[in-house]
Amino acid sequence: MESTGRPPAVVGATVGVEEEFHLVDPETFELTPAPGLAEAVLRHDFGERVHPEISTTQLETATGICRTLGELRAELAATRAQARAAAAGAGVALLPASTHPSAGWRQQVLTPAPRYEAMVQRWAGLAARQDITGCHVHVGVPDLDTAVAVLDRARPYLPLLLAMTGSSPFHDGADTGYESYRTLWWGRWPHTGVPEPLGSGARYREVVAGLVAAGVVADASHVYWDLRPSSHLPTVEFRLADVCSDVEDAVLHAALVRSLVRVLAARAERDEPVPVIRPELLRAARWRAARDGLTGQLFDPVAGALVDARTAVDGLLGELADDLADRGEEDEVRELVRRLFGRGTSAVRQRAVWRRTGDLRQVTAAVVREGSPGA
């Protein structure tokens, strides 16, 4: 997401999305390093919307700043098309899923750039084995204290948002039993997951300073929590989601995130208390969402009880209904939710191909096609 250099005056007026993709051979669908493409992206040959990643088997895109869901949908389609064209020029295709179904970290090659070399130096095997990708949503906020107020209040909603985006059921050639195995793989890092409530921007800075002093991170840009204040943009950044194979699912995720930010910021403005949640129960809810997605029951970390996934989503829509309606987005969001439940997450769709064909190559091919409509 590009920056205007000025914080937005209104919470949630703007939204942008970053998406990370694997690169595959367009014929065999095997994970394929593209070092020449990585070098070209590092030189900014494809502009400011296509970015390198830690591995030459990955590529990242970033939309511009959007104000409506229509703008966001068009931006996502445009950035994916731009990345597809760049990849095609290097003889590879985009895989919009958070894991490659049959490949693993051994097929990766480090991108030759100081930032990524420093990451491997600091985190060793964790960085070298980073064979997952994600989707990050940036929502505009006026200041750091607002970002932290939203962060503190968003914690109980994160597992449900995760459950709606799973696209990593397979890893290294095996069915993991999870819809978002990325979440479990990512959880090995010492600075991922859901942070405890912070209370203020000053406290956030203190925590980051402690992580720097411990040697866990070099700076705030390496704080990889499920949500965080952006280190370089006037936004709060939700980083919990798997990559959505279908653009419409990405639009839905971003729409829910932005509405939630607006609703929670308003609650903070009214001095409504931060929900008190045991971290053990929040981790349990995150695990359950990563495992089952929308196919069964989710764990409500506030109530301490299991709830049907559709009931949980309807509850979220109820909390956001007034905000979405005020902005003319409610009908569109409800239709996107109906569509998601009708065909399932990417993980569900991938497993359907696997059950039908028994061939992970066909699974990978189906995801590539789904992410390239009309290409």
Side-chain angles (χ1 to χ4, degrees), residues 10-17 19 63 66-77 80 96 135-140 150 153-154 156-167 179-180 227 236 238 240-267 285 288-289 292-300 302-303 306-349 352 370-371 373:
V10 179
V11 174
T14 59
V15 63
V17 175
E19 296 186 293
T63 70
C66 303
R67 288 169 176 78
T68 69
L69 298 187
E71 287 180 11
L72 180 61
R73 180 178 288 105
E75 278 284 303
L76 285 166
R80 286 191 178 200
C135 171
H136 308 155
V137 177
H138 289 262
V139 179
V150 169
R153 289 165 174 79
Y157 298 93
L158 300 182
L160 177 56
L161 293 171
L162 167 63
M164 300 176 75
T165 68
S167 70
E179 288 219 355
S180 175
L227 75 169
V236 58
F238 284 64
L240 62 124
D242 276 16
V243 177
C244 294
S245 301
D246 188 322
V247 165
E248 294 302 314
D249 294 342
V251 172
L252 172 60
H253 178 63
L256 293 174
V257 165
R258 180 164 70 157
S259 181
L260 183 64
V261 168
R262 293 187 296 231
V263 167
L264 297 181
R267 291 177 185 174
R288 184 100 189 190
D292 293 344
L294 299 177
T295 62
Q297 292 182 306
L298 298 171
F299 181 69
D300 182 337
V302 176
L306 293 174
V307 59
D308 179 77
R310 185 60 199 247
T311 300
V313 172
D314 287 345
L316 175 62
L317 291 176
E319 290 190 53
L320 304 182
D322 289 346
D323 175 81
L324 292 169
D326 287 346
R327 289 155 180 84
E329 297 173 352
E330 185 180 14
D331 289 346
E332 181 175 0
V333 167
R334 289 188 180 277
E335 173 57 24
L336 290 172
V337 168
R338 185 200 64 76
R339 184 171 180 264
L340 176 61
F341 272 97
R343 72 204 199 320
T345 61
S346 175
V348 167
R349 301 193 297 274
E370 184 176 341

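Positions are given from 1, in the same order as the sequence printed here.
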On a heavy-atom basis, which atom in Val261 and which in Phe238 lie closest, and how many Å separate them?
CG2-CE1, 3.5 Å

At what distance, to the nearest 0.5 angstrom, does CG of Leu252 lie from CG of Leu69?
9.5 Å

Under 4.5 Å between any side-chain heavy atoms of Val139 and Val150, yes or no?
no

Glu248 with Arg343: basic N within carboxylate O range, under 4.0 Å
no

Using the test side chain to side chain contact (heavy atoms under 4.5 Å, CB included), find all partners of Glu335 that sit at least two apart in sequence or belong to another chain.
Arg338

Tell me, do Leu240 and Leu227 make a side-chain contact under 4.5 Å, heavy atoms counted?
no

Could you report the tightest heavy-atom contact between Gly293 and Ala309, atom names first, then the distance?
O-CB, 4.4 Å

Return the set of residues passing side chain to side chain contact (heavy atoms under 4.5 Å, CB included) with Asp314 (not counting sequence neighbours), or none when no residue passes.
Arg310, Leu317

So, applying side-chain contact (heavy atoms from CB on, under 4.5 Å) with His253, which one of Val137, Asp242, Leu336 is it?
Val137

Those residues at least two apart in sequence (or on a different chain) that pass salt bridge (Lys or Arg N to Asp or Glu O under 4.0 Å) with Glu329 are Arg258, Arg262

Does any part of the side chain of Val17, heavy atoms only, come nearer than 4.5 Å to the side chain of His136, both counted from C-beta?
no

So how far is it from Leu264 CG to Ser259 OG, rounded to the nearest 0.5 Å?
9.0 Å

Is it the case that the side chain of Arg288 and the backbone of Gln297 share a donor-acceptor pair, with hydrogens and angles ignored and the cut-off at 3.5 Å?
yes

By side chain to side chain contact (heavy atoms under 4.5 Å, CB included), which residues pair with Ala347, not counting sequence neighbours?
Pro169, Glu179, Thr345

Could you go through Thr14 and Arg67, starting from their C-alpha distance and side-chain angles, then the distance that decides it, and tell me whether this counts as side-chain contact (heavy atoms from CB on, under 4.5 Å)?
CA-CA 5 Å; Thr14 59; Arg67 288 169 176 78; 4.0 Å; yes

Taking all non-hydrogen atoms of both residues into account, name the closest pair between Thr63 and Cys66 and its distance.
OG1-SG, 4.4 Å

With Glu370 via side chain to side chain contact (heavy atoms under 4.5 Å, CB included) - residues at least two apart
Ser245, Asp246, Arg349

For Glu319, all residues meeting salt bridge (Lys or Arg N to Asp or Glu O under 4.0 Å), sequence neighbours excluded:
Arg267

Sub-4.5 Å side-chain heavy-atom contact between Tyr157 and Leu256
no

Taking Ser346 for the side chain and Cys244 for the main chain, is one N or O donor matched with an acceptor at less than 3.5 Å?
no

Inter-residue atom distance Leu340.CG - Thr165.OG1, 0.5 Å rounding:
9.5 Å

Can you give me the closest heavy-atom contact between Pro156 and Val302, atom names plus distance?
CB-CG2, 3.8 Å

What are the two closest heavy atoms between Ala312 and Leu160, and how far apart are they?
O-CD2, 3.4 Å

Drop me the distance from Asp292's CG to Leu298's CG, to the nearest 0.5 angstrom.
7.5 Å

